[in-house]
Amino acid sequence: MTPPPALVAALERAGQQHLLAFWERLDETAQQTFAAQLEAVDWHVLQEMHRLAAGGGHSRDLSVDLSTAVTPACLRLGDPTNRISPADARHRGAEALKAGAVGAILVAGGQATRLGCSGPKGVSRVGPVSQATLFEILLGKLVAVRRRYGRDVPLAIMTSSATDAETREFLAQHAYCGLDPERVIVFRQHDLPAIDATTGRLLLDGPGHLAIAPDGHGGMLVALAEAGGLEWFGNQGVEHIVSFQVDNPLAMPLAAEFLGYHLLTNADFSTQVVRKQAPEERVGVVVACEGRHSVVEYSDLPTALAAERLPDGQLRFHAGSIAVHAFAKRFLDRAAGRHDSLPLHLAFKAVPFLDSEGTRIVPASPNAIKFERFIFDLMPLAERVCVVEIEASEGFAPLKNPPGSASDAVEHVRAALVAHARRVLAKAGVTLADGVHVELAANRIIDETDVADLSIAGTVIERPIVVGG
Ligand code: UTP
């Protein structure tokens, strides 16, 4: 067939006619699929991409004056000197969980390029004893919360074109890891095309396929709203929503104390941070400037500022973001109604493409610009932000890199899970033989209180075991 005339006209208006160069090579089914992909391109977003690529700035001003910015005051998990006591916070957070007022979003749409897996990172096996997958561990945590507080935490899982089918298949095969399927929705984020860094043209990665990538974890806002997810949460009585990432099996987004601080400070947006010790740690930092909070990505923090220390020796910008957030639902509802809530960010990447002869080129250096939205860009829109510092050893062990890497590889994740389990068990009065690998059953044990229920205080663990499993 010939290409639909309306599509040809749209491509001509946008200066992207080259995309049809190999149309004749496609069979009719491939032509239909390709036409649908091209028709779905949002040309307004493409204009925003071109403006940004030309140095035109973000669609909403995200600039932060780093010369005057400071690290905001943080509450610290478990610190009795906080202005709100940990006990009060735990009580308030538990009340909200018992009332069923808390929902969760798990972002699992990333392409895991560093890890190098094709498909969802959530199926990676990180359990040090059980070999449980990230999905089983993270969804298991919601099962443990239901067991303790008696109410489900409705869960929305964000996937992308890179992860959707396999994630759905995994959930079906694993009976939603023990969650009620009625209380889980899966929604898919959008893709954004990559553009040639020199010409601004969209790139083809096949004769009938654009080079595309998921639109960043910030894609969650629009995609959730479009899927009816905000209404779905609201219909179940959810007033606060936590979000967390699929690569961090130590994440504790539903810790009652964290939720309690969020609620008792009446925050629109709360976030967990870990104290950055060394300037080169690759995490964004939470900063405050003129009464507004933001996250500054590590790539945007000049080296000298990243290394600057306060008189007491700690880094001036030390509130390392770990992407565990809590939002008032009314805040997300408002943000979803604004067209400019989450501006695009750009990154130069090496993106394989078809040249004008149709030969596939795999570039060795960046040739293209990819675009993403970040959920933390909602932070400056919040009237009240609550920053809660946690110990990295208690809540942050991301899987980012392939085995053998210097950091964030599966062996580091497993070691962090074992160390955490050993500490929890020791607090509960369990003795462990030196070096023995232990794991806490994620769907059973939140902390040492659940270990007490197992009546194993005073016992000695000498062999690898999943406690509570
Ligand atoms: P990262 O930015 O670390 O990306 O995502 P990634 O896909 O895991 O790994 P790389 O950068 O390609 O190596 C942090 C979290 O945000 C989610 C990821 O699934 C992960 O949970 N994410 C990222 C999305 O859900 N969608 C995206 O478009 C990007």
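Whatever order the structure lists them in is the order used to number ligands and atoms, beginning at 1. Only this structure's heavy atoms are used, side chains among them; waters, hydrogens and symmetry mates stay out.
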- Message: Measuring from non-hydrogen atoms of Ser160 to any atom of ligand 1, is the shortest distance under 4.0 Å?
- Response: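 Not so, Ser160 does not reach ligand 1.
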- Message: So is Gly219 touching ligand 1 or not, going by heavy atoms under 4.0 Å?
- Response: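 It does not, in that no heavy atom of Gly219 comes within the 4.0 Å cut-off of ligand 1.
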Return the closest protein heavy atom for [atom] as residue, atom name and distance.
{"atom": "atom 14 (C) of ligand 1", "answer": "Gln245 OE1, 3.4 Å"}
{"atom": "atom 9 (O) of ligand 1", "answer": "Ala112 CA, 3.5 Å"}
{"atom": "atom 25 (O) of ligand 1", "answer": "Gly109 N, 2.8 Å"}
{"atom": "atom 11 (O) of ligand 1", "answer": "Arg114 NH2, 2.9 Å"}
{"atom": "atom 24 (C) of ligand 1", "answer": "Gly110 N, 3.3 Å"}
{"atom": "atom 28 (O) of ligand 1", "answer": "Gly216 N, 2.8 Å"}
{"atom": "atom 12 (O) of ligand 1", "answer": "Thr113 OG1, 2.5 Å"}
{"atom": "atom 8 (O) of ligand 1", "answer": "Lys121 NZ, 2.8 Å"}

Would [X] count as a polar contact of ligand 1, with the cut-off being nitrogen or oxygen pairs under 3.5 Å?
{"X": "Met158", "result": "no"}
{"X": "Glu372", "result": "no"}
{"X": "Leu115", "result": "no"}

- Note on the structure: Between Asn248 and Ala397, the two heavy atoms sitting closest are OD1-N, 3.0 Å
- Query: Would you say the side-chain atoms of Arg423 pair up with the backbone N or O of Ser393, donor to acceptor, closer than 3.5 Å?
  - Reply: yes
Is the closest basic N to carboxylate O distance between [X] and [Y] below 4.0 Å?
{"X": "Lys329", "Y": "Glu239", "answer": "no"}
{"X": "Arg92", "Y": "Glu257", "answer": "no"}
{"X": "Arg360", "Y": "Asp205", "answer": "no"}
{"X": "Asp450", "Y": "Arg444", "answer": "no"}

Check ligand 1 against [X] and write out every atom of the ligand that is under 4.0 Å from a heavy-atom position of the residue.
{"X": "Gln189", "result": "24 (C), 25 (O), 26 (N), 27 (C), 28 (O)"}
{"X": "Ala108", "result": "19 (O), 25 (O)"}
{"X": "Pro214", "result": "28 (O)"}

- Which part of Gln111 is near ligand 1, with near meaning a heavy atom under 4.0 Å away: side chain, backbone, both or neither? backbone
- Message: Taking 4.0 Å as the limit for heavy-atom contacts, which would you say applies to Lys400 with ligand 1: side chain only, backbone only, both, or neither?
- Response: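 Near ligand 1, Lys400 shows its side chain, while the N, CA, C and O stay back.
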- Side-chain donor-acceptor pair present, His345, Asp377, cut-off under 3.5 Å: yes
- Excluding sequence neighbours, so at least two apart, what forms salt bridge (charged side-chain N to carboxylate O under 4.0 Å, His left out) with Arg151? none
- Query: Can you name the residues that form a salt bridge (charged side-chain N to carboxylate O under 4.0 Å, His left out) with Lys349, not counting sequence neighbours?
  - Reply: none
- Is the number of heavy atoms from other residues, nucleotides or ligands under 6.0 Å of Gln314 CD greater than 12?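 More than 12 heavy atoms, drawn from other residues, nucleotides or ligands, come within 6.0 Å of this atom.
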- Validation row, ring centre Phe34 to ring centre His209 under 6.0 Å: no
